[in-house]
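Contents: one structure, followed by commentary.
Letters A, B, ... mirror the listed sequences (proteins, then strands); counts begin at 1.
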Amino acid sequence: MSSIAKNKEIFRFAYFASILSLCLLGLTLLPRISIPLSLSYVCYLMAAPLLPFFTRIFHNRNVAIVFLLIVFTVVALIPLFYLLPSLRSEIERVQYYLPKLEGLIQSKFFEIKLLVQNKFAITIEDIYFQDTMAKIKSFSAKLLWNLPSFLANTLEWAFLVPLFLFFLMKDSTSFTRLLLKITPNSIFERFYHILHELNTKIGDYIFAKFVEASIVGGIITIGLLILGVRFWVLLGILAGITNVVPYIGPILGAIPALIIVYFDNGLGSSFGGVLMLYLIANIIDIAIVFPVMISKIVDLHPIVVVISVILGSQFFGFVGMIVSIPIAAAVKLIALEFYKKIYSPL
Amino acid sequence: MTYEKDRQNQNADAREKKIDLSLLKYFWQAGPLNFSKQDSIPRFLRKIKVLKNFSDGELFILSKYLNERNFRRGELIFQQGDVGIGFYLIFSGQVEISIDDNKFDIDENIAKGRYSLNLERYDFFGELALLQENAIRNATATAKDDCILFGIFKPDLDDLILQYPVVAARLLQSVSMIIANRLSFLTQEVRFLKSKLEDRESNK
């Protein structure tokens with residue numbers, strides 16, 4: 001390669017890298033923009049496969065985009081209108097319920113402590129118990145305190161997400177074109193390939209997880225309603241959200257319901273009923289939903305999945321647990337691409 | 001009679017009044033304002049032999065899916081052994097395609113060499129990568145001059161299949177035509193070489 005071409009390529013590379021890193025830096029530093037942007041990106045990935053179909057029906061891409069946007073908004077608003085009143089009353093009831101629950105747990109703990117002391121002559125320290133209780137209390141208090149600001153954020157997002165979604169659907173191809181135009185020649189094909197693979201893989205994963213979570217959440221919400229468990233809406237939504245986290249998620253979703261039922265009715269038939277409900281929902285998930293979606297869910301080794309979930313929770317908490325799998329899949333894809341480059345047989 | 005005469009006169013009038021579209025089109029295209037469009041992408045695509053089954057509208061759609069890539073003289077376009085995803089058309093400049101046998105791990109007794117050929121405007125290369133999964137480039141492509149290439153890549157083809165299935169089918173038809181021609185040529189070549197080999201063996 002001649003020196004002029006080489007220099008030009010280096011300049012291109014520097015320009016490209018600096019623009020990419022500036023964008024990433026901006027996204028990490030401005031969560032108020034990056035959160036709605038990523039939300040709308042998730043919506044975009046779900047809507048993108050439908051776009052060509054509706055474009056063919058309406059013979060106009062923009063009309064199809066507006067139609068999809070209206071459908072999305074209506075689909076998002078209907079459950080909000082129906083669920084918000086009951087959700088609010090449930091959250092208000094939780095405020096009064098939590099101290100009661102704490103007292104109950106405390107009395108149970110002391111019972112167990114006495115039992116252990118009498119039978120094995122060992123004293124269980126109170127510190128562990130009080131520590132955990134304090135942590136849980138501060139967590140739930142924070143959740144309730146932050147609710148108003150969360151609702152305000154939701155209002156802001158309700159305006160921003162459709163806006164971003166519209167322009168993502170309308171101009172995503174031109175954004176990609178722009179990005180590809182400044183991609184240096186030496187990495188162009190590889191970069192385009194990775195970009196495309198990431199988009200399709202993460203899009204498929206999000207779509208599959210969304211379907212899975214709504215099926216499991218729906219089954220559990222209806223089941224809890226039939227069983228007459230209180231906070232059925234909250235617990236159903238929680239089960240749907242936690243279901244996104246592999247392996248640990250279903251258990252995390254079941255624990256609060258089991259605790260509530262246990263302290264309301266004890267270890268009776270309703271406790272067994274709720275346990276069965278969660279088991280059945282997860283069996284349906286594993287036996288029916290998962291095999292249908294398996295081709296869409298990224299192929300990662302179970303150990304890799306567990307490790308990435310743990311790492312995600314370590315650094316970013318619950319959100320980290322949810323986003324860890326697509327990120328792990330992305331890292332695997334990029335690593336494989338480099339592997340192909342370095343170890344290619346020719 | 002008068003009626004028929006009237007009819008004829010009317011027809012003649014109509015013919016005079018009718019706007020001559022082809023003449024207008026000619027003036028429009030020959031106009032100085034339209035100069036830059038003489039070299040537009042669809043026009044360029046029209047002159048490529050393998051795309052002759054495309055209609056003008058389809059070429060216009062295809063042109064929107066092409067990526068323009070500029071290469072400096074001596075710059076590498078792709079290297080033998082790389083994973084490739086794209087098919088390139090040469091808009092301007094010259095491209096050298098070279099194959100280095102030393103890169104293949106074939107029998108050491110067979111003579112190895114380096115072959116190269118030059119491609120020019122309206123030529124194309126890299127079409128196998130569009131069809132293969134994890135295609136490995138069989139040759140190295142280098143820009144001989146400063147050149148402008150139009151590339152169509154696997155992701156573009158995926159989009160095209162979803163958005164404009166007919167155009168995608170046409171493109172795949174063109175690429176398979178290239179490959180079918182090459183395959184039939186190769187079959188003939190193999191047959192010829194086989195017969196030569198048999199001749200030599202029988203002469204021994």
Side-chain angles (χ1 to χ4, degrees), chain A residues 1-13 48-57 59-61 64 169 172-174 176-201 203 333 336-346, chain B residues 64-88 99-106 126 129-130 133-149 151-166 168:
Chain A
M1 208 189 292
S2 69
S3 64
I4 302 170
K6 216 169 195 171
N7 278 342
K8 191 140 189 173
E9 185 64 15
I10 290 169
F11 274 123
R12 276 185 202 146
F13 208 88
L50 303 172
L51 198 55
F53 175 71
F54 284 107
T55 312
R56 243 173 287 150
I57 287 178
H59 295 289
N60 187 332
R61 200 177 150 82
M169 286 205 275
S172 65
T173 22
S174 24
T176 330
R177 294 268 136 164
L178 207 66
L179 188 64
L180 290 176
K181 236 177 197 167
I182 61 165
T183 311
N185 286 331
S186 54
I187 57 161
F188 177 80
E189 285 199 13
R190 211 162 287 276
F191 178 74
Y192 196 9
H193 180 60
I194 289 178
L195 197 70
H196 183 68
E197 287 279 295
L198 278 186
N199 252 337
T200 42
K201 279 227 162 127
L333 192 76
L336 257 181
E337 215 47 45
F338 275 102
Y339 168 80
K340 269 187 220 152
K341 170 79 182 165
I342 298 163
Y343 290 91
S344 65
L346 290 177
Chain B
K64 287 200 290 186
Y65 281 81
L66 294 177
N67 291 280
E68 187 186 323
R69 307 297 304 165
N70 297 305
F71 290 89
R72 280 291 179 124
R73 189 140 82 105
E75 208 175 331
L76 212 62
I77 299 165
F78 55 72
Q79 206 166 13
Q80 189 174 341
D82 273 356
V83 177
I85 57 161
F87 168 45
Y88 291 94
I99 300 173
D100 193 356
D101 273 349
N102 294 314
K103 284 201 167 184
F104 292 106
D105 290 333
I106 35 177
L130 213 52
E133 184 98 353
N134 292 327
I136 302 286
R137 297 288 191 191
N138 287 320
T140 303
T142 323
K144 269 195 118 183
D145 296 326
D146 291 354
C147 41
I148 301 173
L149 307 179
I152 184 147
F153 300 92
K154 251 188 218 160
D156 301 321
L157 183 62
D158 286 350
D159 283 351
L160 206 60
I161 287 171
L162 283 176
Q163 311 255 0
Y164 300 100
V166 177

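- The line from CZ of B:Phe153 to CG of A:Leu180 is 8.5 Å long, rounded to the nearest 0.5 Å.
- Listed by first then second residue, pairs satisfying salt bridge (Lys or Arg N to Asp or Glu O under 4.0 Å) with a partner in residues 157-166 of chain B number zero, not counting sequence neighbours.
- The CD1 atom of B:Ile77 lies 12.5 Å from the CZ atom of A:Phe188; values are rounded to the nearest 0.5 Å.
- Heavy atoms of B:Phe78 lying under 4.5 Å from chain A belong exclusively to its side chain.
- The CG atom of A:Asn185 sits 5.0 Å away from atom CZ of B:Arg69, with the distance rounded to the nearest 0.5 Å.
- Note: A:Arg177 CZ to B:Leu66 CG = 8.0 Å, rounded to the nearest 0.5 Å.
- Partners of B:Tyr65 according to the ring pair (Phe, Tyr, Trp, His ring centres under 6.0 Å) rule, which considers only residues two or more places apart in sequence or in another chain, do not exist here.
- Among B:Asn70, B:Val83, B:Asp156, B:Thr142, the residue with the largest count of heavy-atom pairs under 4.5 Å with chain A is B:Asp156.
- Taking CD of A:Glu197 as the reference point, atom CD1 of B:Ile85 lies at 9.5 Å (rounded to 0.5 Å).
- Open room surrounds CZ on A:Phe13; 12 or fewer heavy atoms of other groups in view lie less than 6.0 Å from it.
- From A:His196, atom NE2 reaches atom NZ of B:Lys154 across 9.5 Å, with rounding to the nearest 0.5 Å.
- The closest side-chain heavy-atom distance from B:Arg72 to A:Glu9 is not below 4.5 Å.
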